[in-house]
Amino acid sequence: MSDLRVRFAPSPTGYLHIGGARTALFNYLLARKEQGTFILRIEDTDVERSTQESVDAILQAMDWLGLSYDEGPFYQSDRYDLYKNKVRELLDKGLAYRCYCTQQELDAKREAALQNGGKPRYDGTCRERTDQPDAPYVVRFKTPHEGSTAFNDRIKGTITVENAELDDLIIQRTDGNPTYNFVVVIDDAEMQINLVIRGDDHVNNTVRQIPMFQALGYQVPEFAHVPMILGADKKRLSKRHGATSVMVYKELGFLPEAMVNYLVRLGWSYGDEEIFSMADLIEKFSLDNVGRSAGVFNPDKLLWLNEHYIKTGEPARLAGLLADILEGQGVAVSGGPDMIAVVKTLQERAKTLVEMADGARFYFEAPADYDEAAAAKFLNAEHKGVLGLTIKHLSSLSSFALEDIENAFKSVMEESGLKFGKIGPTVRVALTGGTVSPSIYDVVAVLGKDVVVSRLQRALDAIG
RNA sequence: GUCCCUAUCGUCUAGCCUGGCCCAGGACACCGGCCUUUCACGCCGGCGACGGGGGUUCGAAUCCCCCUGGGGACGCCA
């Protein structure tokens, strides 16, 4: 047990996206590796946009990925009294002040600053004001003007910004609610977070938050800013680039271990290794090997990893997942072939569970109709003999083991004088309806004698 | 525009700190071949990068500077 305390602090304004998931993962991994504490905090100070559905969605996604937390979830909306007290404290100490500038005035100032080629920041109009007019106001933090603020980022190294670049941040809105940059400081401090791992887009916030930690008398935590994830066009990852919701990948037939493995390798590396189980990661993960530049999300590689995990996955577990998908598609699986056997025939030929489901459907439903081109080629009058022979030899089998099935086909070959290449395709179309399927022997074995014979007979009848 | 960060194959990256082992290694994708009862899997091979310019050095992907490119921030969002 170490004293490392890290947190993941999503705002519940949508689903858990790829970037957030990676940040959560990095936090989780480090906490587990160092045997520290992983805290989940819901940053819902934006009353307008925060929803319970989003909270649920985020929780579900973390659960799916296997990211368990030790404390929380804490909701900032439950902690407003604390924030209010801290605002008052800063006000009393003269470290914050009331600002009566209106939205319109601020907009005008911003535009003017931009026009003059400068940074559009607050000019400090109310900073030295002593009167307290009876008008709506916000509270701003008095950011130091002199000197510079620097911190040593665990990923990026030393980052320094001149305080003259900073402006006075609003810490309390007109409606009395606190803002993000303020509550995050209080919560990280009060929850004794000693390492803040978050997205790279927060670097600028960090230098604004550090003076607040100091003003409040808190110890400043360490920071690690993880680079952004971009789309193929090097633009910030968004819906335009395809699915960005973690849970959509679940729907698409991805395994959580593939997602975890992909996410961790986007920005982190361990020599030439590519495949990592969660256990491997907990052992090997380190901030030292996290890259400093943004990375492009590559769905092809994620797909490859998924393929790998399907190929090497425990058939029994995959069977359960596959059954769920099939049932979701309205396929009755209960009376059908053994699901584990089904999975085994498909593991090497499916990149996603959805793809596996597509390939598995014929096991549970006799082909409604035959693929036209396939039927024309392999199910016509000249194949009646082969079909008949196959029925004959297969139906006479008392044991339906793979070996027996192979022997039966051998007999068909001998008796017909045909090679397997002339027999297989016909049987395949009769059994599956198409030309693509697992090995014929496997299909026959998994389907079982009764189903096989009846489908072959049906094909024979169809030829007429 | 201003500030911050960043820069190795198309993409993810190893190597950079502690210069020579790197005319740069691995992975995905792509291309070709082999295997094969279909589709796949698998195996073998190929294509492909140190952004540019200056330095420092006997020697630079590795150290320094400039430029350029990319990202981020600049909100009473988080």
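Just so we're on the same page: letters track the sequence lines, and every chain starts at 1.
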Result of checking A/Val184, A/Ile186, A/Val185 against A/Phe182 for side-chain contact (heavy atoms from CB on, under 4.5 Å): A/Ile186
Touch class at under 4.0 angstrom, heavy-atom based, for A/Gly267 against every strand present: sugar-phosphate
Salt bridge flag under 4.0 Å for residues A/Asp167 and A/Arg208: yes
Flag for A/Tyr262-A/Asn298: side-chain donor and acceptor within less than 3.5 Å: no
Gap in Å between the two P atoms, one belonging to B/G59 and one to B/A14, rounded: 29 Å
Mutual orientation of the aromatic rings belonging to A/Tyr218 and A/Phe213 [parallel < 30°, tilted 30-60°, perpendicular > 60°]: perpendicular
Minimum heavy-atom distance A/Phe38-A/Ala24, with the two atoms named: CZ-O, 3.8 Å
A/Ile229 CD1 to B/U13 P, straight-line distance once rounded to whole Å: 10 Å
So which protein N/O to nucleotides 36-38 of chain B N/O distances come out below 3.5 Å?
{"unit_1": "B/U37", "atom_1": "O2", "unit_2": "A/Arg428", "atom_2": "NH2", "d": "3.3"}
{"unit_1": "B/U37", "atom_1": "O4", "unit_2": "A/Ser439", "atom_2": "OG", "d": "3.1"}
{"unit_1": "B/U38", "atom_1": "O2'", "unit_2": "A/Thr435", "atom_2": "O", "d": "3.0"}
{"unit_1": "B/U38", "atom_1": "N1", "unit_2": "A/Arg428", "atom_2": "NH1", "d": "3.3"}
{"unit_1": "B/U38", "atom_1": "O2", "unit_2": "A/Arg428", "atom_2": "NE", "d": "3.4"}
{"unit_1": "B/U38", "atom_1": "O2", "unit_2": "A/Thr435", "atom_2": "O", "d": "3.0"}
{"unit_1": "B/U38", "atom_1": "O2", "unit_2": "A/Ser437", "atom_2": "N", "d": "3.0"}
{"unit_1": "B/U38", "atom_1": "O2", "unit_2": "A/Ser437", "atom_2": "O", "d": "3.2"}
{"unit_1": "B/U38", "atom_1": "N3", "unit_2": "A/Arg428", "atom_2": "NH2", "d": "2.9"}
{"unit_1": "B/U38", "atom_1": "N3", "unit_2": "A/Ser437", "atom_2": "O", "d": "2.5"}
{"unit_1": "B/U38", "atom_1": "O4", "unit_2": "A/Arg428", "atom_2": "NH2", "d": "3.4"}
{"unit_1": "B/U38", "atom_1": "O4", "unit_2": "A/Ser437", "atom_2": "O", "d": "3.4"}
{"unit_1": "B/U38", "atom_1": "O4", "unit_2": "A/Ser439", "atom_2": "N", "d": "3.1"}

Plane angle bin for A/Tyr249 and A/Phe254 - parallel if under 30°, tilted between 30 and 60°, otherwise perpendicular: perpendicular
Taking every non-hydrogen atom, the tightest pair across A/Gly291 and A/Ile155: O-CG2, 3.6 Å
Nearest-Å distance once atom P is located in both B/C63 and B/U18: 9 Å
Distances for protein N/O vs nucleotides 61-66 of chain B N/O pairs under 3.5 angstrom?
none

Residue list, side chain to side chain contact (heavy atoms under 4.5 Å, CB included) with A/Val196, at least two apart or on another chain: A/Arg7, A/Asp188, A/Ile193, A/Arg198, A/Pro221, A/Phe223
Distance-only polar pair, side chains of A/Asn306 and A/Thr352, donor-acceptor under 3.5 Å: no
Strand-adjacent residues in residues 72-82 of chain A, judged by heavy atoms under 4.0 Å from RNA chain B: none
Donor-acceptor side-chain pairing of A/Gln52 and A/Asp56 below 3.5 angstrom: yes
Nearest-angstrom distance, C1' atom, B/U68 to B/C30: 30 Å
Sugar-phosphate only, base, or nothing, as touched by A/Arg49 at under 4.0 Å among non-hydrogen atoms: base
N/O donor-acceptor pair, side chain A/Thr179 with base B/C76, under 3.5 angstrom: no
Presence of salt bridge, A/Arg110 and A/Asp107, under 4.0 angstrom: yes
Of the listed nucleotides B/C3, B/U13, B/U11, the one nearest the side chain of A/Val296: B/U11
Enumerate the protein-to-nucleotides 43-52 of chain B contacts in which both atoms are nitrogen or oxygen and the separation is below 3.5 Å.
none

Spacing of the C1' atoms in B/C64 and B/C16 (rounded, Å): 14 Å
By salt bridge (charged side-chain N to carboxylate O under 4.0 Å, His left out) - contacts of A/Asp201 (at least two apart): A/Arg236
Same-atom distance (C1') from B/C23 to B/C67, integer angstrom: 27 Å
By side-chain hydrogen bond (donor to acceptor under 3.5 Å, both in side chains) - contacts of A/Tyr69 (at least two apart): none
Among B/A78, B/U13, B/G42, the nucleotide that comes nearest once only the side chain of A/Lys311 is considered: B/G42
Per-nucleotide protein contact string for nucleotides 23-34 of chain B, where B marks a base within reach and S marks sugar-phosphate only (heavy atoms under 4.0 Å, - for neither): --BBBBS-----
Electrostatic pair A/Lys344:A/Asp442 at N-O distance under 4.0 angstrom: no
Ring pair (Phe, Tyr, Trp, His ring centres under 6.0 Å): pairs with one or both residues in residues 406-431 of chain A, sequence neighbours excluded: A/Phe409-A/Phe420, A/Phe409-A/Tyr441, A/Phe420-A/Tyr441
Pairs flagged by side-chain hydrogen bond (donor to acceptor under 3.5 Å, both in side chains) wherever residues 413-423 of chain A is involved - sequence neighbours left out: A/Lys392-A/Glu415, A/His393-A/Glu415
B/A7 to B/G45 separation - P atoms, rounded to the nearest Å: 33 Å
Pairwise 5' ranking along RNA chain B for A/Ala350 and A/Arg140, keeping only the more 5' one: A/Ala350
Exercise: identify the closest heavy-atom pair between A/Ser50 and A/Glu43: OG-O, 4.5 Å
Sugar-phosphate only, base, or nothing, as touched by A/Cys99 at under 4.0 Å among non-hydrogen atoms: nothing
Within residues 10-25 of chain A: residues closer than 4.0 Å to RNA chain B (heavy atoms): A/Ser11
With 3.5 Å as the limit, what N/O pairs link the protein to nucleotides 69-73 of chain B?
{"unit_1": "B/G71", "atom_1": "OP1", "unit_2": "A/Lys234", "atom_2": "O", "d": "3.4"}
{"unit_1": "B/G71", "atom_1": "OP1", "unit_2": "A/Lys235", "atom_2": "NZ", "d": "2.9"}
{"unit_1": "B/G72", "atom_1": "O3'", "unit_2": "A/Arg236", "atom_2": "NH1", "d": "3.3"}
{"unit_1": "B/G72", "atom_1": "N2", "unit_2": "A/Asn204", "atom_2": "ND2", "d": "3.4"}
{"unit_1": "B/A73", "atom_1": "OP1", "unit_2": "A/Arg236", "atom_2": "NH1", "d": "2.9"}
{"unit_1": "B/A73", "atom_1": "O4'", "unit_2": "A/Asn204", "atom_2": "ND2", "d": "3.1"}

B/G59: pairing nucleotide in any strand, Watson-Crick or G-U under 3.5 angstrom: none
Whole-angstrom distance between B/U62 and B/A49, as gauged at atom C1': 15 Å
A/Trp268 versus A/Phe26, closest heavy-atom pair with distance: CB-CZ, 4.3 Å
pair A/Val427-A/Leu456: side-chain heavy atoms closer than 4.5 Å: yes
Any donor-acceptor N or O pair under 3.5 Å, side chains A/Asn181, A/Thr179: no
Nucleotide paired to B/G32 in any strand shown, Watson-Crick or G-U, under 3.5 Å: B/C44
Touch class at under 4.0 angstrom, heavy-atom based, for A/Ser269 against every strand present: sugar-phosphate
C1'-based separation of B/G25 from B/U37 [nearest Å]: 40 Å
Closest contact, heavy atoms only, A/Leu255 versus A/Leu353: CD1-CD1, 3.6 Å
Selection from B/C12, B/C4, B/G1 that lies nearest to any side-chain heavy atom of A/Pro120: B/G1
Contact summary for A/Arg349 and A/Glu355, nearest pair of heavy atoms: O-OE2, 3.7 Å
B/C41 glycosidic torsion: syn (within 90° of 0) vs anti: syn
